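Keep in mind the model is a prediction, meaning the values are calculated, not measured.
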Amino acid sequence: MTIVATPGQREMWHLDRYAGTGSALNVPVAWQLRGELDSARLTEAIAAVLSRHESLRSAFVENGDGVLTVTVTPPPAEPLQIFDVTGQEELAKRLLAFFDEPFDLTSGRPAAAVLLRLGPAEHVLALSAHHIVLDEWSVGIIERDLSVAYRGNLDVAPSYRLADVLGARAAEDTADRRASALAHWTEELAGFESRMCFPGAKPAAGYTAVQIRRSLPPATAARAARVAQSVGATPFGVLLAAFAGVLGRRVNDDDLVIGVPIAGRGAAAAQHAVTYATDLAPLRIRLNGNPTYAALAAQARDRLLSALENGHVPLAEIVRTTGGAAGDDVAGLAEVVVTYRARTGGALDLDGVTASPVLVQAGKSLYPLALHIDHDADGIGLELVSRTLSTEALDDLAERYLRALAAVLTDPDMPLADWPTVLPVDRVPGLTGPALPSETVVDAFLDAAHRWPDMPAVIDRYRTVSYAELRDAASAVATAVVDAGVRPGDTVAVAVRRGAGMLSAMLGVMQSAGVYLPVAPDWPEHRLRMVLADASVTCVVSDTPQLPVGGLPIIDPLPVACPTPADPRATPEDPAYLIYTSGSTGKPKGVLVDHCALSRLIDAMRATFAPAPGRRMLATTTTTFDISLVELLLPLTGGATCVIADEEAVRDPALLGALVAAERVEFAQGTPTWWSLMVEHLPATIADVVVAGEPLSAELRDRLLRVAGRAFNGYGPTETTIYATMWQLAPEVPVSIGSPIDGTVAWVLDRWDRPCATGAVGRLFIGGAGVGIGYLNRPDLTADRFRDGIAGLTEQRLYDTGDLAAWGDDGLLYLYGRNDTQIKLRGYRIELGEIESVLAAVAGVTAAVVVPFTRGEDQRGLAAFVTGDATEQDIRAALSARLPEYMRPAVVRRLAELPVTGSGKTDRKQLAQLVGFAEPAIDRPLTPAQIRVGGLFRAILGTERIGASDRFFDLGGDSIGAARLLVRLRREFGVPLSLKEFVADPTVAGVTRKVNP
């Protein structure tokens, strides 16, 4: 007779066959047996159980039509294997090997039993079965039947037929019932976004897991029963509610989905059947607001009751139907699973032999994190299993769970914010470093110029400028700025091409007590005029006379030195510089920083990197990116030399590497994107490197450590003066952003503005001397992000970074993303809302959404999706007219309509999957050289096809991708190709003519 498998069994089959789960789908059970055991009787009892329950000897085969069928096979000839073992170490190895053995589901042997004999009166009985034939409910049935069979009272004839059990489940699974359940889950999960981010979690290496076990004290278990009765819930519901609350506090999330097994045993025959009759239901627990424990327990109760009515649909089908984010993990929505097993009739009873459950170290788990609760007459046992967390992390989670559970069971009205999840070992931040600076960076530079007047201060492509010469040029700029009407606190824009003039202009403006505002000469005119107007700029220092500055005075950055040097007028309390960053409302916002904050930063960097005469430090960053202040000013405070790379060298890793070698540069900083291009061109002279502006990968960390004497990861928003924390890179440990630099304090706070426990994710706040003044002309935004202390915590001014972070046990900070849509691209902070505002203003655009994407070899960029009848040409023209190059989407696609989630919000994840570049031309590369060049284009761009006349930038490439391509071309053909030559004809055919004429 052909038996058709249930939908749940089909999902198990799929995981077993195609997801590489191996033994992760095994259900391991073991009992310690003490007493005079009759092994022959036990063997007969095992045989009786196998005979009685057909599922334990069933074979699964997928027929030609793709239907999974089940066939019952005869009982095995050897139902129980018996081995002698010596000592606990051999026992543990034997058990691990037994439970780690995968099953061949086509063989008819989906279960196995083994008896390990430690001595005449001490044994361990182990049972392993594939989940496709056995669920947690079935374990109790096996214990009962095995106990009866051992006493010789079990009828070996099946009391039910597997076909009847599976057929009854199929009969219950009507189309209407399934549609109703799926409709329920679609509504229940609408708007949910899986974002579980557990501190200390590592990418799962297969399904290997660790586990720990804890027991609830009897008093706590008794209180759980009383609270359950008072709120009309089960003990499982109250334990689940407490775990959800603790978990939410740990991951800083108020919207969780927890997988809970729901037994589908409605048919009478299924009540005593050993089979897989369970489906994992995604319980959505909301922690928003500040719910009491009693309210969470009631919510868990209601969710469980709802799941019982609608939990007969496999989780994978729910994910497919609701559009949930299953990702690459078979766990799908259920990143966390909680199971509950109540033993009402006791455990295994073998007639004079004491049997007790054994903590099974199976070593495998299907889910990233699981909590298994065993409730019997002796109390409540907890088992935490994870394949992404360490044993230490599980111990920590268990301790916090037990601590919180004891408290809330005593006081069910305790709000979530008051749960005692913080332990005495948790970190309490404190301000580090010396007192506030008493002088400005300009003062430090002038002191260096006095001590080393003839030492080289700046080297650029055309000249070497001494400290005395730079001092005089800066003084001349300061005098000219004052003569132009600049008063202390007035803003002066600086737009200077790469060279010594960058420094004389910046130092001169700061010396005059004006506010330094870097702008880019190549900004779109609309953006430049907007910034100049918003900042109320008084004059402009520039070597670009045609700059569209609306009639403002333009001052030469390298004027003839004035006979009477200007005295510095700025004090540490005065504003030093103004830098504009992307704004979410469509308008860039200016961040104002004072001299005290800048001096504090430079002082901290001097303590680490020791600029001194003879030491040379590289400057490559555009001045509109705040880290440029470090590479320009740091060397000038200690007598070192700033080596400024020109535009061509900045964009060509080989040229820059040659410059670093020729000038014996010892210090350089840049974004991870920049370093990924540069690292292979670094000469041995590099002593110190700093990575900043974007998340650092472990792979790039390791590459930097192989070539640099020391390497550091720096972190800090513009609002906290460039760097707030720093970490010296170390191998084989998680990448951190380190600890606060001198004069800085870091707080990780929950949504109630309370310190998070060590390892718990929260919002990162930065305090100390580095916190900027605020946003220019934006008091509302300043009040929102700059906090004048937090009641009951600190009176210190803090900046809300918007980043999510956690303190590690090592006292270091670790980042876990953001709580908004802001992104970092090539080191620049970008508010997607600003780009969307520009798109929305284009005639013919009815809706616009921008999403980040990654394609090819780390080719990162932005993609714009619009609806309406505007042409791509008009859209790109509007973007070029209003946004700098780094903010312009590489991809623009028109859609009939934007996809939405179940809650009606734009589905950004689906859009990211739709990213595609321009359709390649049909003129495929023909010559062998063109085919080689085309292969490099495809690798960088992540596209499968490319034509000989396709332009690199039309297919989604950008300047960083172009730099990568030049490196690959030089390596492949041995011909140096400059960025200028590439841009002249950025096609496969054009490049081939240059590298293989």
Side-chain angles (χ1 to χ4, degrees), residues 648-657 670-681 694-695 697 699-700 703 823-828 851-864 885-886 888-893 912-921 923-996:
E648 188 174 4
V650 164
R651 296 176 180 271
D652 190 321
L655 289 178
L656 193 56
T671 66
T673 300
W674 184 84
W675 276 117
S676 67
L677 299 172
M678 270 301 300
V679 64
E680 64 183 87
H681 299 279
E694 296 173 303
S697 69
E699 185 269 338
L700 179 57
R703 292 174 66 193
I823 66 166
K824 282 287 192 75
L825 187 64
R826 293 159 53 185
Y828 290 100
V851 298
F853 69 84
T854 301
R855 294 288 293 272
E857 296 181 353
D858 296 327
Q859 176 76 5
R860 300 177 64 230
L862 300 172
E885 184 269 337
Y886 69 86
R888 299 171 199 161
V891 176
V892 175
R893 288 194 59 185
Q913 297 172 356
L914 297 177
V915 172
F917 301 123
E919 184 67 21
D923 56 332
R924 299 291 182 85
L926 298 177
T927 69
Q930 286 184 351
I931 292 173
R932 289 167 64 194
V933 172
L936 299 181
F937 270 61
R938 289 197 306 272
I940 296 295
L941 295 170
T943 183
E944 294 183 2
R945 296 191 303 156
I946 193 162
S949 61
D950 282 320
R951 293 175 57 82
F952 179 82
F953 300 103
D954 291 343
L955 297 179
D958 57 17
S959 59
I960 295 296
R964 282 199 177 91
L965 181 62
L966 295 181
V967 172
R968 297 285 295 274
L969 287 167
R970 186 178 292 108
R971 186 185 305 149
E972 180 79 11
F973 292 93
V975 177
L977 183 67
S978 71
L979 185 66
K980 185 176 181 180
E981 291 174 307
F982 173 72
V983 171
D985 189 359
T987 64
V988 171
V991 169
T992 303
R993 284 192 293 270
K994 293 182 175 68
V995 301
N996 190 49

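- Distance check: Asp652 CG to His681 NE2 gives 8.0 Å after rounding to the nearest 0.5 Å.
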**Request:** Starting from the C-alpha separation in whole Å, work towards a yes-or-no answer on side chain to side chain contact (heavy atoms under 4.5 Å, CB included) for Val983 and Phe952.
**Result:** CA-CA 9 Å; Val983 171; Phe952 179 82; over 6 Å; no
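- Paired with Phe973 under the rule side-chain contact (heavy atoms from CB on, under 4.5 Å), one option of Arg968, Lys994, Arg932 passes, and it is Arg932.
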**Request:** Could you walk me through whether Val991 and Val995 pass the side chain to side chain contact (heavy atoms under 4.5 Å, CB included) test, one step at a time?
**Result:** CA-CA 6 Å; Val991 169; Val995 301; 4.3 Å; yes
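- Contact of the Glu972 side chain with the Val967 side chain is not registered, since no non-hydrogen atoms from C-beta on lie closer than 4.5 Å.
- Salt bridge present: Arg971 and Glu680 bring a charged side-chain N and a carboxylate O closer than 4.0 Å.
- Checked for salt-bridge contact, Arg993 and Asp985 meet the test: a charged N lies under 4.0 Å from a carboxylate O.
- Here the side chains of Leu936 and Leu965 are in contact, with some heavy-atom distance below 4.5 Å.
- Within the 4.5 Å cutoff, the side chain of Leu656 has heavy atoms near those of the Trp674 side chain.
- Pro695 and Pro672 make their closest contact through O-CG, 3.5 Å (heavy atoms, listed as atom of the first residue, atom of the second, distance).
- For the pair Glu694 (side chain) and Thr673 (backbone), a donor-acceptor distance under 3.5 Å is present.
- Considering CD of Gln930 and OG1 of Thr992, their distance stands at 5.0 Å, rounded to 0.5 Å.
- Taking every heavy atom of both residues into account, Leu966 and Phe982 meet most closely at CD2-CB, 3.9 Å.
- With values rounded to the nearest 0.5 angstrom, Glu699 atom CD is found 8.5 Å from Ser676 atom OG.
- The nearest pair of heavy atoms linking Asn996 to Ala929 is ND2-CB, 2.9 Å.
- Val933 is listed as a side-chain neighbour of Leu969, based on a closest heavy-atom distance under 4.5 Å.
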